[in-house]
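Below is one structure; the comments refer to it alone.
Keep in mind it's a predicted model, so treat the numbers as computed, not measured. Naming convention: chains lettered A, B, ... in sequence-line order (proteins, then strands); numbering from 1 in each chain.
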Amino acid sequence: MQRYSIWSLARNALTGHKNWQAAWRHPEPKPHYDVIIVGGGGHGLATAYYLAKEHGITNVAVLEKGYLGGGNTGRNTTIVRSNYMLDDNAHFYEHGLKLWHQLSIDLNYNVMFSPRGVLNLVHSDAARDAAKRRGNAMRLNGIDSEYWDLETIAKKIPDLNVSKNARYPVKGGLMQKRGGTARHDAVAWGYARGADARGVDIIQQCEVTGMMMEGNRIVGVETSRGPIKAGKVGIAVAGHTTQLLNMAGLTAPIESHLLQAMVSEPIKPTLDYVVTSGAAHLYVSQSDKGGLVFGGDIEFYNSFSQRGNTRTLEHVTAAMISLFPRYAKLRLLRHWGGIMDMSMDGSPIISKTPRDNLFLNGGWCYGGFKATPASGWCFAHTIATGEPHPLNAGFTLERFERGYAIDENGAGPVPKAH
Amino acid sequence: MMLIPCPWCGERSENEFTYIGDARRQRPDTSALDVSDETLKAHSDYVYLRDNPKGWHQEYWQHTSGCRAHFKVERNVVDHRIRASVKADEELPSFPEGR
């Protein structure tokens, strides 16, 4: 792998930028791999990277039906945080946040991680109590969290409507300063480059169409580029998890729902933090290019369409304008949709499955992007050792029927939480 | 924007409706005092598991901002076309394979 540095930049600048190597190869699939990862998004590529780096397993293929990072990795609002209350989620996402803080150095690839702080607004006394309780739970778990009162928020975020007469009157907010944003594409590309350099074959335009089984054991996959044998198969295809599991004769506690996000035209720096509001169904941050990147809730009906509907578009922009009235003058540049694996408790699944040698990573609901490093790290451990790491031991497929749902919202068995 | 055909009110904007979910799931009878393990498993599957097909999907909607009735719709979850809607206690018509 050609290392990126100030020296390589200078050297290539002096030679007319003609000698940069491709960041990864485009190999033909081999007939057999020790591990096949289905899905070339951030999670699949991170899994391959950590399989090679942490576990020395390099005879690995990542199969992607489209192009790298073309699914939900390229369709989110790039928010990174670990402000969870329940232990299973808190320790997992905090491990991820620690990986985020080292990721650019680890990958030798600038993922543009920007720990600018994530603020969850509260709009009622009850929400304030819940936020403080969550903040206390986080601090007990060793995770940074602080409560911001209204005066602090009004000073730090002058664009925010803090009037008492606002549709969503702001009472305060829970701030996690170590959270922030990262460049989503760079995460996929950085992991791809790091995995490829360690010998992983990244095979794009290769759709998995079936599972090869011997009894209860998975021995390979059928693909649009022919059959490929494998010692172990890991699924990391959030959005189509149920379709892949169906190929192995399994049903999942997951529905696929549509989530859209949008970005405004670029403006000068105006919003220093990631600001979210559960009551208004909004999260917004300003990208390095200056656009306001924002989104809200899923559309609340099953969908595989990958395009947003106008009802939610209107709802989300209305929430945005009520909280930030001055953004009403901005024009929308783009909006897009992605297909979420909505699990039945709002928490993910990184787990063994009822089929031998088949492993599952899915059920990410709205929150998969921030989990990318921790997800890959834990999934690699689970595949390499055959058993989950303590960090993902709770994220099993069978927790639902066993009564161990990880229900952060206390919402019951509905595929709507996050 | 989807236009959803309510069997009572006709085609109305999706803004008036609330999605309820998969209409093909059947709640198993758990009224027996001594419920068998099979019934418990069936009940857990009913609560948590979804077929989640990529294609035609039979689902309940409620006309929340209209007549408030629940009813059944068959909708394609890839392109959001709706090909049938009936009252909640009626059966959706069967269609030939494919589109």
Side-chain angles (χ1 to χ4, degrees), chain A residues 237-247 249-258 297-315 318 337 339-345 347 349 354 362-363 396-405 407 412-416, chain B residues 1-6 12-28 30 35-65 70-82 85 99:
Chain A
V237 297
H240 285 77
T241 296
T242 50
Q243 274 55 42
L244 265 291
L245 285 180
N246 284 350
M247 294 174 193
L250 299 171
T251 314
I254 287 172
E255 285 184 6
S256 294
H257 284 249
L258 177 58
D297 273 336
I298 53 172
E299 316 261 325
F300 293 118
Y301 49 77
N302 292 43
S303 178
F304 284 86
S305 76
Q306 282 196 325
R307 57 188 159 83
N309 207 334
T310 47
R311 174 168 76 164
T312 306
L313 182 76
E314 184 178 355
H315 180 80
I339 303 307
M340 309 294 108
D341 266 12
M342 298 305 294
S343 71
M344 297 302 285
D345 60 359
S347 295
I349 297 159
T396 62
L397 191 53
E398 65 271 11
R399 68 177 183 263
F400 301 95
E401 66 180 84
R402 311 248 328 132
Y404 292 107
D407 186 355
V414 286
K416 295 175 181 174
Chain B
M1 180 72 70
M2 286 191 285
L3 284 176
I4 298 175
C6 170
R12 306 289 299 171
S13 155
E14 69 168 277
N15 288 347
E16 299 179 8
F17 296 86
T18 305
Y19 181 66
I20 305 297
D22 189 337
R24 285 186 306 178
R25 296 185 301 132
Q26 294 290 327
R27 187 187 178 101
T30 51
V35 184
S36 69
D37 284 353
E38 289 74 36
T39 309
L40 281 177
K41 177 81 175 78
H43 184 257
S44 156
D45 290 354
Y46 162 76
V47 173
Y48 290 112
L49 298 188
R50 298 289 189 276
D51 288 336
N52 194 35
K54 185 177 182 178
W56 291 105
H57 189 235
Q58 298 184 10
E59 56 201 26
Y60 287 116
W61 287 76
Q62 186 188 9
H63 195 182
T64 333
S65 304
H70 287 74
F71 60 98
K72 257 187 241 175
V73 162
E74 187 159 18
R75 182 177 61 97
N76 192 309
V77 296
V78 177
D79 58 17
H80 298 175
R81 278 183 299 149
I82 293 171
S85 94
R99 304 201 135 203

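Looking at A:H315, there are no atoms closer than 4.5 Å to chain B (heavy atoms on both sides), in backbone or side chain. Both the backbone and the side chain of A:E255 come within less than 4.5 Å of a heavy atom of chain B. For A:F300, the part lying under 4.5 angstrom from a heavy atom of chain B is the backbone only. Contacts of B:F17 with chain A are made by backbone atoms alone, with heavy-atom separations under 4.5 Å and no side-chain atom involved.
Ranked by heavy-atom pairs shorter than 4.5 Å toward chain B, the options A:T310, A:L245, A:L313, A:N302 are led by A:N302.
Under the rule for a side-chain contact (heavy atoms from CB on, under 4.5 Å), the partners of A:T251 that lie at least two apart in sequence or sit in another chain are B:L49, B:D51. Every residue meeting the side-chain contact (heavy atoms from CB on, under 4.5 Å) condition with A:S305, not counting sequence neighbours, appears here in chain and number order: A:L258, A:S303, A:R307, B:H80.
Considering every non-hydrogen atom in both B:S65 and B:N15, the closest pair reads OG-O, 4.4 Å. A pairwise comparison of heavy atoms in A:E401 and B:S44 identifies CB-OG, 2.9 Å as the closest pair.
Salt bridge status for B:K41 with B:D37: absent, with no side-chain N to carboxylate O gap under 4.0 Å.
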